[in-house]
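Just so it is clear, the structure is predicted and the values come from calculations on it, not from any experiment. Along the sequence shown, residues are numbered consecutively beginning with 1. As the structure lists them, so they are numbered: ligands from 1, and atoms in each ligand from 1.
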Amino acid sequence: MAATGNKVHVDLLHMHKSTRELVQEQVDLSKKMGCDDQFVICDLGDIIDKYQQWTKLMPRVKPFYAVKCNNDSAVLKVLSDCGASFDCASKDEVQKILSLGVSPSRIIYANTVKQPSMLKYAVEHGVSLMTFDSEAELRKIKSLCPDAKLVLRTLPAGDFKCKIDLRQKFGCPLSKIRTLLQTAKDLDLDVVGTSFHVGSGCHDGNAYIASIRQARSVFNMAAELGISMKLLNIGGGYPGESSSRETFVKITEAVNKQLDKDFTEDDNVEIIAEPGSYMVSSSAVLAVNIIGKRMLSRKDLYNEEDIMTAGGDDDAPSVMYYVNDGVYGSFTDVLIVPENLDLDVQTLTCNKDEICYESAIWGPTCCGFDCIIKSTKLPMSEVGDWFYFRDMGAYTIVFVCSFNGMTSPRRIFVCAVETWRKIYPDSHDGDLIMPENKSNGF
Ligand SMILES: Cc1ncc(COP(=O)(O)O)c(C=O)c1O
């Protein structure tokens with residue numbers, strides 16, 4: 001990439017290249033430029049394919065991409081050019097989407113707790129669809145935007161496994177729905193539908209089935225109160241890693257079947273969803289530079305009791321690598337969901353059949369928690385070598401903070417030429433023209 005002015009360059013690929021080849025090319029370029037910064041290669045073609053797969057597999061469900069997941073302007077631009085709508089959670093996200101020329105009717109303000117000034121901004125700029133799950137939010141909406149189109153977010157049904165559970169924080173419990181709907185009615189507010197989110201990274205089709213079924217009962221309850229719901233929002237949670245393609249297909253089959261049971265075409269209900277991770281997870285590979293290394297034996301690292309429990313060879317070396325991205329950068333998930341992470345670290349310089357050593361990978365800051373991987377087996381690498389990680393497109397760059405003065409990874413955009421032409425048939429090069437706007441991140 002080069003993000004110059006309001007143009008973002010995308011390298012159009014005329015033949016297939018493996019992830020490893022793409023990373024190696026960029027590493028070679030970095031070396032030439034004398035640059036050791038970490039970088040992300042974002043495959044916009046992967047995002048286009050994902051969007052098209054979604055619309056093909058779930059034609060009844062209109063995707064509102066969750067901007068919080070990856071708010072890179074080029075990613076948002078490509079998704080908007082594909083025809084996506086957007087789930088925004090703040091003024092900044094609304095601004096970003098509107099600055100792309102997207103109509104406010106393609107935005108849902110899907111944060112059940114909206115800062116009043118941000119809500120005012122969104123409404124003044126034409127956003128009218130929004131979620132709520134409490135009486136306090138209803139009263140806020142009544143005072144600031146009484147004509148809004150409201151979507152009641154409910155607790156998802158059942159207890160299904162997911163990577164990030166949102167149930168503690170959001171969603172009206174089934175037992176309180178009737179009262180809340182009645183309050184909305186008493187306030188003369190327009191409740192147009194209901195939503196749920198089964199939790200991020202939910203691979204179990206039954207979770208979606210149970211909540212769609214529950215949504216049917218919410219529609220019925222609303223009808224009993226004289227509220228005619230017309231919109232069902234089946235949220236996010238859909239997995240997006242390269243390894244979960246088959247799982248996603250199975251989920252779509254389950255979702256379609258349940259929708260056809262509970263919300264037939266004749267019901268004329270508009271169905272939308274808020275996929276984040278699904279659209280972007282597999283689009284990005286992150287390469288980090290090894291900026292430091294320490295060799296320690298297990299004797300140096302652990303006390304005797306720990307070593308006795310673990311067994312093994314006391315003198316076997318333990319290698320500690322220090323790289324230039326960490327938990328205060330692209331790896332914040334390590335702090336949030338350590339037990340649910342499956343980071344796949346790859347080396348560029350070593351062959352698979354080389355001897356592997358007990359290794360840890362640490363981030364670049366001075367914080368003792370800044371450890372990406374505590375224990376893994378890796379072939380011996382040296383300072384100046386590179387590691388890379390796949391599936392780094394979701395909830396990565398959005399978390400980067402400036403702790404210790406560390407910076408965001410450099411971004412490089414690529415796309416297979418035939419995929420690019422599906423969306424930009426008249427484009428002769430890979431330039432993405434961003435609308436003139438200072439707030440679009442460039
Ligand atoms: C309201 C809402 N919608 C959509 C999403 C996107 O979820 P996912 O990335 O799991 O698809 C989130 C994530 O937290 C969310 O809070």
For ligand 1, which atoms, with element, lie under 4.0 Å from some heavy atom of [X]?
X	answer
Ser277	8 (P), 9 (O), 10 (O), 11 (O)
Gly237	7 (O), 8 (P), 10 (O), 11 (O)
Ala66	4 (C), 5 (C), 6 (C)
Ser200	7 (O), 8 (P), 9 (O), 10 (O)

So, [X] and [Y], do they make that salt bridge, N to O below 4.0 Å?
X	Y	answer
Lys96	Glu93	no
Asp262	Arg213	no
Arg245	Asp46	yes
Glu358	Lys377	yes

Side chain, backbone, both or neither: Asp87 near ligand 1, heavy atoms under 4.0 Å: side chain

Ala110 heavy atom under 4.0 Å from ligand 1: yes

Contact (N/O only, under 3.5 Å) between Gly276 and ligand 1: yes

Check: His197 N/O within less than 3.5 Å of ligand 1 N/O: yes

Minimum non-hydrogen distance to atom 4 (C) of ligand 1, winning option of Lys163, Glu274, Lys169, Arg153: Glu274

Pick from Tyr238, Phe64, Tyr395: the one approaching atom 6 (C) of ligand 1 most closely through a non-hydrogen atom: Tyr395

Under 3.5 Å donor-acceptor, Ser134 side chain and Glu137 backbone: yes

Donor-acceptor pair between Asp81 and Tyr424 side chains, under 3.5 angstrom: yes

Stacked cation flag Arg216 on Phe263, 6.0 angstrom / 45 deg: yes

